[in-house]
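Since we're looking at a predicted model, the values are computed, not measured. Sequence lines set the chain letters: A, B, ... in the order given, protein chains first and strands last, and positions in each chain run from 1.
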There are 2 protein chains.
Amino acid sequence: MAKANPARICPVAAFQKMISGKYKLRIVWDLKDGPRRYGEIRSGLLRGTEGSAEITPRVLSRELKALTQSGLIDRKDFGEVPPKVEYRLTRKGKSFVPVVAAIRDWGDRHLTETATLVDAAE
Amino acid sequence: MAKANPARICPVAAFQKMISGKYKLRIVWDLKDGPRRYGEIRSGLLRGTEGSAEITPRVLSRELKALTQSGLIDRKDFGEVPPKVEYRLTRKGKSFVPVVAAIRDWGDRHLTETATLVDAAE
DNA sequence: CAGCATCCTGCGTGATACTG
DNA sequence: CAGTATCACGCAGGATGCTG
């Protein structure tokens, strides 16, 4: 705890900041099975997104960059000519997967359909 | 692996939607110890928020309303004169606490201080 | 294929003032 | 005390078009 900061930052707040954006969590989840190319990630994100407008490169690019900066994923650029780039989880990213799993798990049980009010009765 | 659903909404997306907003997660966390009044929640949120501008009533009110609609918390209005309102976790909300705990836990280990790039090296 | 450059828009968040 | 009402603004996020 060599953190003599005036106001310790809340881990939850930091988390929210880190995964802010519609796709970050899903990207991490997608990468849990191994490295994926830019296009693969893009296609993968289309499934499961109801109305699903195509995710624009600008947005995806941004998310990937942010995730890279957060240290969750790693960008591997294979030489040149037809561009090929792979993204994969870093150690930190892998350690994060269980958390996403917990989120998915909970979401599966309490969200995704009827939910919202069902067991709020208590 | 009951995964036979057709146009299923992604649980992760649903989760993100549900906890969108800077304070929702922290509110839930705050309420894990028991019911709290509006003002208490408000004060509680100030601690830990670095630059921390006072959270405006408008925002807090909105978050609380959203959480109520999500079925995570419950609003209990004691009669009238001087207004007293308590918020507490519903069953669903309580079931959500462990998830937040996981998030906090992970955040404590990988965020909150230097982080960001430290072990991205791998 | 894997992006970047520009423009545009909605909404989340904050500031400020008022009320039952 | 526990909110609501208005105004204002930055930024996430989508649409299009271009490139090495």
| query | In whole angstroms, how far is the C1' atom of dT4(D) from the CD1 atom of Ile55(B)? | reply | 15 Å

| Does the dG3(C) base have a donor-acceptor partner in the side chain of Arg58(A) within less than 3.5 Å? |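 It does not, because no donor-acceptor pair links the side chain of Arg58(A) to the base of dG3(C) below 3.5 Å.
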
| message | Please pick, from dG3(D), dT13(C), dA2(C), the nucleotide with the shortest atom-to-atom distance to any side-chain atom of Arg37(A). | response | dA2(C)

| task | Ignoring the backbone of Arg75(A), work out which of dA15(D), dG3(C), dG14(C) is nearest its side chain. | result |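 The answer is dG3(C).
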
| Touch class at under 4.0 angstrom, heavy-atom based, for Ser61(B) against every strand present | sugar-phosphate

| task | Mind checking Pro57(A) for me? I need base, sugar-phosphate or nothing, with any heavy atom below 4.0 Å counting as a touch. | result |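 The residue Pro57(A) makes base contact.
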
| field | Salt bridge present between Arg75(B) and Asp77(B) (N-O < 4.0 angstrom) | value | yes

| Glu40(A) CD - dG3(C) P separation (whole Å) |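 Distance check: Glu40(A) CD to dG3(C) P gives 13 Å.
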
| Can you say whether the rings of Phe15(B) and Phe15(A) are parallel (under 30°), tilted (30 to 60°) or perpendicular (over 60°)? | perpendicular

| note | Whole-Å distance, Arg26(A) CZ to dG13(D) P, equals 12 Å

| Given atom CD1 of Ile19(A) and atom P of dG13(D), what is their separation to the nearest angstrom? |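 It works out to 11 Å between those atoms.
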
| query | Taking only side-chain nitrogens and oxygens of Tyr38(B), does any of them come within less than 4.0 Å of OP1 or OP2 of dT4(D)? | reply |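 For dT4(D), OP1/OP2 do not have a side-chain N/O of Tyr38(B) under 4.0 Å.
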
| query | Mind checking whether Arg37(A) and Val85(A) have side chains closer than 4.5 Å, heavy atoms only? | reply | no

| query | Side-chain contact, heavy-atom cut-off 4.5 Å: Leu64(A) with Tyr23(A)? | reply | no

| said: Distance check needed: dG12(C) P versus Glu63(B) CD, whole Å only. | reply: 9 Å

| Closest nucleotide among dA2(C), dT16(D), dA2(D) to the Pro83(A) side chain | dA2(C)

| Base, sugar-phosphate, or nothing for Phe78(B), non-hydrogen atoms under 4.0 angstrom? | nothing

| query | If each of Arg62(A) and Val59(B) is mapped to the nucleotide of DNA chain C with the nearest heavy atom, which maps nearer the 5' terminus, i.e. the 5' end? | reply |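 Nearest nucleotide further toward 5': that of Arg62(A).
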
| task | Starting at atom CD of Glu86(A), determine the distance to atom C1' of dG3(C), rounded to an integer number of angstrom. | result | 16 Å

| Salt-bridge contact Arg26(A)-Asp30(A) (side-chain N to carboxylate O under 4.0 Å) | no

| said: Taking the minimum atom-to-atom distance to the side chain of Lys65(A), which one of dG14(C), dT4(D), dC4(C) wins? | reply: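 For the Lys65(A) side chain, the nearest candidate turns out to be dC4(C).
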
| request: Indicate whether OP1 or OP2 belonging to dG3(D) is found under 4.0 Å from a side-chain N or O atom of Tyr87(B). | output: yes

